[in-house]
Amino acid sequence: MPRLTVKPPRLCRHKGSGQACVYVEGRAQYLGRWGSAESREGYVRFVAEWATKGGATSPTTPTTPASIPLATLPDLTVSEAMLSFWTWAQDRYRGPDGEPTRTADGFRLALRPLRKLHGALPLAELSPNRLREVQNEMLAAGLTRQTVNGRIGKIRQFVSWCVGRELCHESIARALEHVEPVKPRPDVREGPGRRPVSWTTVEATLPHLPEMLQALVKVLWFTGARVGEVRRLTTGMIDRTGEVWVADLAKHKTAWAGKSRTLLIGPEAQEALRPWIRPDEPDAVIFSPKRLEGATSKNLGRRAPGEVYHRVSLPQAMRRACAATFPHPTLTKVKPSKRTREQRAELKRWEREHRWSLAQLRHSRATELREQFGIETAALVLGHSRTTTTAGYSREAIAPAVEAIRRVG
């Protein structure tokens, strides 16, 4: 079969009809309404059959990639396979409301160095040594060991997707499984990881936050919820009839997979949440930047506060609050380039012990729940489908082991 020497036709939007189409030999072939799942699936089918015909013309009879016999696998390059995968991923990883999730962006970042090094390579020639080259490229870029291992895993997922659509042979995916993950070593940057944070550290930071954000921190601490789940919480989601409030969340991390998420709100979290409940506006976000006193006046004519906190805004507020607890406030105001080596070392040492993020609150709750009630209960509260995920969140939960040794040792 001849090898492809040109890229497949682009997916275009026909201005007159508003449909998605591809232009082959000057003629438009329509695939359905622009932006619809039908048009994306149609384009994946088009690229697959276009490749089987050597990139000559558009297929006259549509077929699915799964109908292509192994004996006539398309001689796709890595970049061409990525194009089909990306079209599929953008449609696959969407929430119930149609909004794209961050999972597709994760694949984009993972596949970027593969395309840079081996984009023109035939997909059938992808090998373990070439995947190691991508691995080394990521390490040379300064990525942490954990990030590199995660992105290599996403590349394997991409190849498995190609196998499932008969774009390459299964032996390629099996061969890539033999590429070892990066192990800890001195020349590789290690990620800080997320560890539980003590309530003493959290309590010292609270006075430096607005009252509404103090309440948000307490709700996260007592419920073990994800930050994104609480920042979008509305009064209408919460059933307040029982002793424990129950909130059924429409938007959450695993909504794209069709999974449900129920947030349980106990007495302590209720006390923090009650002053901010909005019964007259059930669909309005409870922890909204617009509710902060003077939020608009401090904006200095720039963009007005949004209805929901951006995922970058809350971490920024937490960093400022943590910096305010530094015992030498004048040092934090000195430009980093003007600090002495001793000052930088002192500030770094303090940050390791006292700076924390909102995501660490979930780890603290996971650890406490696992120690007191077991890993299955902790998984239910946190909304994990597998207890192995909960074990990663609560790896510091050693209190039962300490108690066992105290009794028998």
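Numbers for residues simply follow the sequence, beginning at 1.
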Indicate whether the side chain of Thr205 and that of Trp356 have a donor and an acceptor atom separated by less than 3.5 Å.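 There is such a pair (donor and acceptor under 3.5 Å, judged by atom type) between the side chains of Thr205 and Trp356.
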Side chains of Thr77 and Glu80, donor plus acceptor under 3.5 Å: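 Per modelled atom types, Thr77 and Glu80 side chains form a pair under 3.5 Å.
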Check whether more than 12 heavy atoms from other residues, nucleotides or ligands sit under 6.0 Å from atom CD of Glu177, and answer yes or no.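 More than 12 within 6.0 Å, yes.
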One thing to verify: whether [Y] and [X] come together as a salt bridge, which I'm taking to mean a side-chain N less than 4.0 angstrom from a carboxylate O.
X      : Y      : result
Arg102 : Asp105 : no
Arg132 : Glu180 : yes
Arg226 : Glu229 : yes
Glu268 : Lys218 : no

Before giving the answer on side chain to side chain contact (heavy atoms under 4.5 Å, CB included), spell out for Asp248 and Leu263 the whole-Å C-alpha distance, their side-chain angles and the decisive distance to 0.1 Å. CA-CA 6 Å; Asp248 291 321; Leu263 182 63; over 6 Å; no
Using modelled atom types and a 3.5 Å cut-off, is there a donor and acceptor pairing between side-chain atoms of [X] and backbone atoms of [Y]?
X      : Y      : value
Asn149 : Pro181 : no
His169 : Ser171 : yes
Ser313 : Tyr309 : no
Thr325 : Cys322 : yes
Arg189 : Gly142 : yes
Arg145 : Lys183 : no
Glu368 : Arg365 : no
Thr201 : Val197 : no
Thr235 : Pro282 : no
Arg320 : Leu209 : no

Can you check side chain to side chain contact (heavy atoms under 4.5 Å, CB included) on Ser288 and Arg278, steps first, answer last? CA-CA 11 Å; Ser288 173; Arg278 309 174 74 171; 4.2 Å; yes
Thr144 and Thr147: CA distance, side-chain angles, deciding distance, side chain to side chain donor-acceptor pair (under 3.5 Å) verdict: CA-CA 5 Å; Thr144 64; Thr147 300; 2.9 Å; yes
[atom1] of [X] to [atom2] of [Y]: how many Å apart, nearest 0.5 Å?
X      : Y      : atom1 : atom2 : result
Trp276 : Leu216 : CH2   : CG    : 10.5 Å
Trp245 : Arg240 : CH2   : CZ    : 6.0 Å
Met318 : Leu358 : CE    : CG    : 5.0 Å

Restricting to side-chain hydrogen bond (donor to acceptor under 3.5 Å, both in side chains), what partner residues turn up for Asp283, sequence neighbours left out?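 If we apply the side-chain hydrogen bond (donor to acceptor under 3.5 Å, both in side chains) test to Asp283, skipping adjacent residues, there are no hits.
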Which of parallel (below 30°), tilted (30 to 60°) and perpendicular (above 60°) describes Trp199 and Phe222?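 Correct class here is tilted.
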Parallel, tilted or perpendicular: rings of Trp161 and Phe85 (30°, 60°):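 Perpendicular.
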So, do [X] and [Y] sit near enough that their side-chain heavy atoms are less than 4.5 Å apart?
X      : Y      : value
Leu11  : Leu31  : yes
Met237 : Leu233 : yes
Leu121 : Arg130 : yes
Val285 : Arg231 : no
Val246 : Ile238 : no
Gln135 : Val182 : yes
Val217 : Gln214 : no
Arg115 : Met82  : yes

What's the verdict on side chain to side chain contact (heavy atoms under 4.5 Å, CB included) for Val308 and Phe287, showing C-alpha distance, side-chain angles and the deciding distance? CA-CA 7 Å; Val308 182; Phe287 298 110; over 6 Å; no
Step by step, work out the side chain to side chain donor-acceptor pair (under 3.5 Å) result for Asp239 and Thr241. CA-CA 6 Å; Asp239 179 5; Thr241 56; 2.8 Å; yes
Between His118 and Glu125, does a side chain to side chain donor-acceptor pair (under 3.5 Å) hold up when you go through it step by step? CA-CA 10 Å; His118 305 301; Glu125 296 182 17; over 6 Å; no
Go through the steps for Thr87 and Ser84 under the test side chain to side chain donor-acceptor pair (under 3.5 Å), then give the verdict. CA-CA 5 Å; Thr87 304; Ser84 295; over 6 Å; no
